[in-house]
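In what follows, chains are A, B, ... by sequence order, proteins preceding strands, each numbered from 1.
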Number of protein chains: 2
Amino acid sequence: MSAYTPSETSRRSGFSLDTLRYYERIGLLSEVDRTPGGQRVFSDHDLGWLGLLRCLRDTGMPINQMCRFAELARTGDDSIADRVELLRAHAEAVEEQMALLERQYGHLRDKIRYYESELAARS
Amino acid sequence: MSAYTPSETSRRSGFSLDTLRYYERIGLLSEVDRTPGGQRVFSDHDLGWLGLLRCLRDTGMPINQMCRFAELARTGDDSIADRVELLRAHAEAVEEQMALLERQYGHLRDKIRYYESELAARS
DNA sequence: GCTTGACCTGGAGCGCGCTCCAGGTGTCAG
DNA sequence: CTGACACCTGGAGCGCGCTCCAGGTCAAGC
């Protein structure tokens, strides 16, 4: 169980220092350990959790939904069923998002091809 | 060359009335035709352009980049090379976005599977 | 002990992309 | 002609997700 400074945690998680503090403030990150002097000390467990948060953020989950997830996680094992349900719903949303993205990416490629042919015709 | 009311244009494009007006205001949508009384009349050409805007928005292009694209489009055929370059750069960004999304979707599925096994073990 | 740089807090501010509002005008069916 | 409803303008406001700031404290190397 290693200990990490705030800046190292920032580097490893990809969240800025301000964002880490913000996440703690809004309850996304619960009660990080402190030195006697009050500076934060992050654990491997915190880093793991941050990794999950990053995954959720990158897949577009809004903050308030992540807060609900965090809240469930704090209530212990009894909430696992609820958590898995939340994640499944999110996974479905992500699937739709990917489908839309791919469809629009196709249109984008079509448009590029069209412009390229215009370009060729003009030269 | 059909004509469309604002509300019909909204319905067809998926942009709200306010958004259509906003887009015109910031130059994303240039000089929409008007009735003698001053109400907007959208053309097939406008709808086509809105379709492109939708494609760009759905793939995450920021507004200011779309404005630059619109500006190029207004300058005529000479800007086609610049436009295609802009679109190609964007397409690359979209590819990265899709790759990240798929990677994180994988992690999400892993997490769900992990929770499910926890759930099974507890029952 | 002193310096330096990382870190602390509470709170204000920001950039984005709309969205809403008030107060007025246009259009069209009956 | 009238009523009802769609639409107009300029400008303010909002929700999100951070980000920045001032003014101070802590920790570690010399």
For B:I112, is there any backbone N or O sitting under 3.5 Å from a side-chain donor or acceptor partner on A:R88? no

So what does B:P62 touch, heavy atoms closer than 4.0 Å: a base, only the sugar-phosphate, or nothing? sugar-phosphate

Looking at B:T5, I'd like to know whether one of its side-chain N or O atoms comes within less than 4.0 Å of OP1 or OP2 on D:dC7. yes

Any donor-acceptor pair under 3.5 Å joining the side chain of B:D18 to the base of C:dC20? yes

Rounded to the Å, how far apart are B:E8 CD and D:dC7 P? 10 Å

Residue mapping more 5' on DNA chain D - nearest nucleotide basis, A:T19 or A:P36: A:T19

Rounded to whole Å, CG of A:D33 lies from C1' of C:dC8 at a distance of 16 Å

Closest-nucleotide ordering on DNA chain D, the 5'-leading residue of A:T35 and A:Y23: A:Y23

Within the side chain of B:S10, is there an N or O that forms a donor-acceptor pair under 3.5 Å with the backbone of B:P6? no

Short question: side chain of B:D33, backbone of B:V41 - any donor-acceptor pair under 3.5 Å? no

Examine distances only and state if a side-chain atom of B:R12 and a backbone atom of B:Y4 form a donor-acceptor pair shorter than 3.5 Å. no

How close or far is atom P of C:dG15 from atom CG of B:N64, stated in whole angstroms? 12 Å

B:S43 side chain vs B:A3 backbone, donor-acceptor pair below 3.5 Å: no

For the side chain of B:L17, starting at C-beta, report the closest nucleotide among C:dC7, D:dC7, D:dG17. D:dC7

Heavy atoms under 4.0 Å, any strand shown: does A:R21 hit a base, just sugar-phosphate, or nothing? base

To the nearest Å, how far apart are B:L28 CG and C:dG17 C1'? 11 Å

Is B:R25 touching bases, backbone alone, or none of the nucleic acid, heavy atoms closer than 4.0 Å? base

Gap between atoms OH and P, on B:Y4 and C:dT27 respectively (whole Å): 20 Å

Compare the minimum distances between each of D:dC26, C:dG17, D:dC18 and the side chain of B:Y22, then state the nucleotide with the smallest one. C:dG17

Quick check on D:dC7: is either OP1 or OP2 less than 4.0 Å from any side-chain nitrogen or oxygen of B:R40? no

Respond yes when some side-chain nitrogen or oxygen of A:R11 is under 4.0 Å from OP1 or OP2 of C:dA6, and no when none is. no

A:I63 side-chain proximity, nearest of D:dG17, D:dC7, C:dC7: D:dG17

Distance check needed: C:dG17 P versus B:M66 CE, whole Å only. 8 Å

What verdict does the salt bridge (Lys or Arg N to Asp or Glu O under 4.0 Å) test give for B:E95 and A:R109, after you've listed the backbone C-alpha separation in whole Å, the side-chain angles of each residue and the deciding distance to 0.1 Å? CA-CA 11 Å; B:E95 283 156 27; A:R109 289 249 73 107; 3.1 Å; yes

Atom-pair distance (CZ on A:R54; P on D:dG17), nearest Å: 13 Å

A:I26 CD1 to D:dG17 C1', in whole Å, measures 9 Å

Counting heavy atoms from C-beta on, name the nucleotide in C:dG17, D:dT25, C:dT9 closest to the side chain of A:Q39. D:dT25

